[in-house]
Amino acid sequence: MNPRMSIALGRSFSPLTMKIFSICFVATHAPLLVLAGYLAIGYASDPIPVLVTVLGATLVGTIFCLYSVWRLIQPLQDIVTMIDAYRSNGAVKPMTSVRQDEIGRVVNGVSALIVELDATLSQLRRQASTDVLTGLGNRRWLREIVGMELQRASREKTPLSVIILDLDHFKRINDQFGHDVGDQVLMMTGATIQHSLRPYDIAARIGGEEFCIVLPRTPAALAIAIAERLRREIASKSVGPLTSGAITASFGVYRGDPATESLKMMMTAADRKLYAAKNAGRNAVHWHVAPAFAHELTNDVGGSHAATASKRSHHPDQDTIRDGSGGTL
């Protein structure tokens, strides 16, 4: 037999085709079957009763046809609803049809494709917002998520601080030991940051060897303490040929005002203190506090930080208690 003819016959006698044929056959022959039964039983063959019987059978056949076709294509309506829900709000509700005909296969196939599409898009979104090397967020992700934190901090009047840290002499590490060791240092730094922060803190790699940490609900004193702890943790690590103390980082901390400052403004302020730490000899924590929150240092930091700030700051009077540096090995 011709292969094309075999395929055509196979399609002609497919489960879906047979169902449609059965529905059409019953719906169209219902009047004839009812009329034949009516006459066979022996009822009178008067025109009016016969006409009423045929019209009634035709109506029943039509209702049966519509209901059967609706039941036949109902899964297609469900899959359309699933597609619309996914397009409107991203909700994925997988469907499974037990039917073995073409409609069942279409429903199962489209449902599986939507699930796979959503998984692929989720992976692409993660890749677009995650630094592959360290597992932290990237600059784009940071801008998106911190906007909500700034709004929340402004609305709830809670403190928010920003830390910028940069690995010291990273180019020298790459040049002397190779980029593989440099990558290991970056991965170690990312892991140290992740393990040292609280669940609601936000960390991202924003440059080659530069990282940003946003600390919600964190006043100046606590932000400085967190930066100092991170500085000690990084300095204590050894990576490959680099022994403990060979890897250091400089930190800039800024306690901003979420009600009046954007993330960019806070990062700029923290970045200035970072470069102050670099210029002062590296492996140090320098900080600055917005004027409205200078009291957080005098009230919370304690004698050692306050003394360090007052001794090392070059700002007179009130600026002295909101600028400072400390923490060197």
Inset, instruction - Show the numbers, then the answer: is there a side chain to side chain contact (heavy atoms under 4.5 Å, CB included) between Ser111 and Ile79? - result: CA-CA 7 Å; Ser111 178; Ile79 207 71; 4.2 Å; yes
Does a side-chain heavy-atom distance below 4.5 Å link [X] with [Y]?
X	Y	result
Ile234	Thr248	no
Val162	Cys212	yes
Met266	Val214	no

At what distance, to the nearest 0.5 angstrom, does [atom1] of [X] lie from [atom2] of [Y]?
X	Y	atom1	atom2	result
Leu133	Asn138	CG	CG	13.0 Å
Arg272	Leu274	CZ	CG	12.0 Å
Leu222	Glu296	CG	CD	10.0 Å
Thr268	Lys264	OG1	NZ	6.5 Å
Met188	Ile193	CE	CD1	9.5 Å
Leu263	Arg139	CG	CZ	9.0 Å

Legend entry - Any donor-acceptor N or O pair under 3.5 Å, side chains Asp168, Ser250: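 Side-chain D/A pair, Asp168 to Ser250: present.
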Inset, instruction - For the residue pair Gln74 and Asp78, confirm or rule out a side-chain donor-acceptor distance under 3.5 Å. - result: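 Checked: Gln74/Asp78 side chains pair up, N/O donor to acceptor below 3.5 Å.
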If every non-hydrogen atom of [X] is compared with every non-hydrogen atom of [Y], which pair is closest and at what distance?
X	Y	result
Ala223	Thr218	N-CG2, 3.5 Å
Ala221	Leu297	N-CD2, 4.4 Å
Ala277	Ala284	CB-O, 3.9 Å
Ala85	Ser88	O-OG, 3.2 Å
Met82	Pro94	CE-CA, 3.9 Å

Within a radius of less than 6.0 Å around [atom1] of [X], do more than 12 heavy atoms belonging to other residues, nucleotides or ligands occur?
X	atom1	value
Arg172	CZ	no
Arg198	CZ	yes
Tyr275	OH	no

Legend entry - Salt-bridge criterion met for Glu233 and Arg229 (N-O under 4.0 Å):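 Salt bridge: no.
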Is the backbone of [Y] close enough, under 3.5 Å, to the side chain of [X] for a donor and an acceptor to pair up by distance?
X	Y	result
Ser154	Arg152	no
Ser238	Ser244	no
Arg143	Val146	no
Arg140	Leu142	no
Glu210	Ile206	no
Asp271	Met267	no
Ser122	Asp118	yes

Inset, instruction - With side chain to side chain contact (heavy atoms under 4.5 Å, CB included) as the test, would you mind laying out the steps for Leu242 and Gln184 before giving the verdict? - result: CA-CA 10 Å; Leu242 299 169; Gln184 293 176 37; over 6 Å; no
Do the side chains of [X] and [Y] join up, straight or via other hydrophobic residues, at under 4.5 Å, putting them in one cluster?
X	Y	value
Ile224	Val289	yes
Ile164	Leu150	yes
Met148	Ile202	yes

Inset, instruction - Would you please test Leu186 and Phe211 for side chain to side chain contact (heavy atoms under 4.5 Å, CB included) and show each step? - result: CA-CA 10 Å; Leu186 291 173; Phe211 299 81; 4.1 Å; yes
Legend entry - Cationic tip of Arg231 above Phe251 ring, under 6.0 Å, 45° of axis: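 So Arg231 doesn't make the cation-pi contact.
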Inset, instruction - Take Val239 and Ile173 through the test side chain to side chain contact (heavy atoms under 4.5 Å, CB included) and record every step on the way to the result. - result: CA-CA 11 Å; Val239 174; Ile173 293 174; over 6 Å; no
Legend entry - Partner of Arg205 by side-chain hydrogen bond (donor to acceptor under 3.5 Å, both in side chains), out of Thr134, Asp131, Thr130: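 With Arg205 as partner, side-chain hydrogen bond (donor to acceptor under 3.5 Å, both in side chains) holds for just one option, Asp131.
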